[in-house]
Amino acid sequence: MAKYHVKKYTSNIIDIGDDHHGLLIICVLENARKKINTHCYKIFNDTNEPDLLVIKNTIDNGFSEAINENKSIGISLYKERMYINMILPDKENKKQEHKFTGIVVKEIKDLINEGISHCKFL
């Protein structure tokens, strides 16, 4: 699992059409080699966690704790199953592992080409 320091991030629940919603996360992450890149993820609710707001709060809390306390996060992908695994810090100095259903958006331009312009931020 790759470890990162979160430099900044945004998360928004978006309407992805046909009365479905997703969580769009755009984050600037620094890896162990001090290289900084922008990463984009679309995360969806599923049977493990049907409430998108709970997912958003979990990620927001973990990313905020990482920024405020200079803690690292971990991210790994299981593309064949559309899983994004994250290890996120919490206020009690523990790291919690989470598995989300989602996809990586390769580049910011893909967001535009794919239709972020048609997505409604809720």
Side-chain angles (χ1 to χ4, degrees):
M1 181 168 292
K3 291 188 178 183
Y4 299 97
H5 279 91
V6 181
K7 296 302 184 183
K8 59 183 172 179
Y9 80 99
T10 183
S11 67
N12 294 286
I13 295 177
I14 57 172
D15 180 341
I16 55 175
D18 295 329
D19 202 32
H20 290 92
H21 300 91
L23 178 63
L24 178 65
I25 297 174
I26 302 172
C27 50
V28 178
L29 304 176
E30 180 182 54
N31 68 16
R33 294 185 180 138
K34 305 290 184 199
K35 184 171 181 180
I36 297 174
N37 285 310
T38 301
H39 298 249
C40 303
Y41 305 97
K42 282 187 197 172
I43 295 177
F44 310 99
N45 57 329
D46 59 14
T47 54
N48 291 325
E49 183 49 71
D51 190 339
L52 206 51
L53 283 176
V54 170
I55 296 170
K56 181 179 181 350
N57 288 335
T58 297
I59 293 171
D60 285 348
N61 291 338
F63 277 36
S64 292
E65 181 71 9
I67 291 170
N68 295 336
E69 300 300 326
N70 196 32
K71 296 178 181 176
S72 64
I73 65 166
I75 299 176
S76 66
L77 307 173
Y78 185 12
K79 293 178 185 177
E80 296 80 11
R81 299 285 300 197
M82 289 181 52
Y83 289 144
I84 299 171
N85 298 300
M86 293 185 182
I87 295 178
L88 302 172
D90 65 15
K91 298 225 182 266
E92 294 151 8
N93 284 328
K94 297 179 189 169
K95 296 204 177 231
Q96 303 292 326
E97 189 164 350
H98 304 276
K99 179 171 70 174
F100 303 110
T101 298
I103 59 171
V104 175
V105 179
K106 298 288 184 205
E107 297 181 28
I108 296 289
K109 69 178 181 178
D110 290 344
L111 286 172
I112 296 164
N113 293 340
E114 204 172 275
I116 192 170
S117 57
H118 87 276
C119 295
K120 290 188 277 183
F121 291 87
L122 304 176

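- Hydrophobic clustering, with ILVMFWY side chains joined whenever heavy atoms are under 4.5 angstrom apart, keeps Ile36 apart from Tyr41.
- Asn68 pairs by the side chain to side chain donor-acceptor pair (under 3.5 Å) definition with nothing, not counting sequence neighbours.
- Across Ile55 and Asn45, no two heavy atoms sit closer than the pair CD1-CA, 3.9 Å.
- Not a single donor-acceptor pair under 3.5 Å links the side chain of Lys8 to the backbone N or O of Ile67.
- Between Val104 and His39 the shortest side-chain heavy-atom distance does not fall below 4.5 Å.
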Using the side-chain contact (heavy atoms from CB on, under 4.5 Å) rule, take Thr10 and Ile25 through it: C-alpha gap first, then chi angles, then the decisive distance, then the call.
CA-CA 6 Å; Thr10 183; Ile25 297 174; over 6 Å; no
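- For the atom pair CG (Asn31) and NZ (Lys3), the distance works out to 13.0 Å, reported to the nearest 0.5 Å.
- Residues Ile103 and Met82 come closest through the heavy atom pair CG2-CE, 3.7 Å.
- The distance from atom CZ of Phe100 to atom CG of Asn85, rounded to the nearest 0.5 Å, is 9.0 Å.
- Take Thr58 and apply the side chain to side chain donor-acceptor pair (under 3.5 Å) test, not counting sequence neighbours, and it matches no residue.
- Rounding to the nearest 0.5 angstrom, the gap separating the NZ atom in Lys99 from the OG atom in Ser76 is 11.0 Å.
- There is no path of hydrophobic side-chain contacts, each under 4.5 Å, that joins Tyr83 to Met1.
- Here the closest non-hydrogen pair linking Phe44 and His21 is CD2-O, 4.2 Å.
- Between Leu23 and Ser11, the shortest heavy-atom contact is CD1-CB, 4.0 Å.
- Considering only residues two or more places apart in sequence or on other chains, Lys95 meets the side chain to side chain contact (heavy atoms under 4.5 Å, CB included) condition with Ser72, Ile87.
- With values rounded to the nearest 0.5 angstrom, Lys7 atom NZ is found 13.0 Å from Asn37 atom CG.
- For Lys91, the side chain to side chain donor-acceptor pair (under 3.5 Å) partners two or more places apart in sequence, or in a different chain, are Glu65.
- Note that NE2 of His5 is 9.5 Å distant from CD1 of Ile73, once rounded to the nearest 0.5 Å.
- Note: the hydrophobic cluster containing Val28 does not contain Val105 (ILVMFWY, side chain heavy atoms under 4.5 Å, direct or indirect links).
- Among residue pairs with one or both ends in residues 44-57, those qualifying as salt bridge (Lys or Arg N to Asp or Glu O under 4.0 Å) are Lys56-Asp60; sequence neighbours excluded.
- What you find for Ile84 and Gly102 is that their closest heavy atoms are CD1-C, 3.7 Å.
- Atom CD1 of Ile13 sits about 4.5 Å away from atom CG of Leu52, to the nearest 0.5 Å.
- The aromatic rings of Tyr9 and Phe63 lie perpendicular to each other, with more than 60° between the two planes, well past the 30° mark.
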Take Lys94 and Glu92 through the salt bridge (charged side-chain N to carboxylate O under 4.0 Å, His left out) test and state the conclusion after the steps.
CA-CA 5 Å; Lys94 297 179 189 169; Glu92 294 151 8; 3.8 Å; yes
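- In terms of the side chain to side chain donor-acceptor pair (under 3.5 Å) criterion, Asn61 has no residue partners (sequence neighbours excluded).
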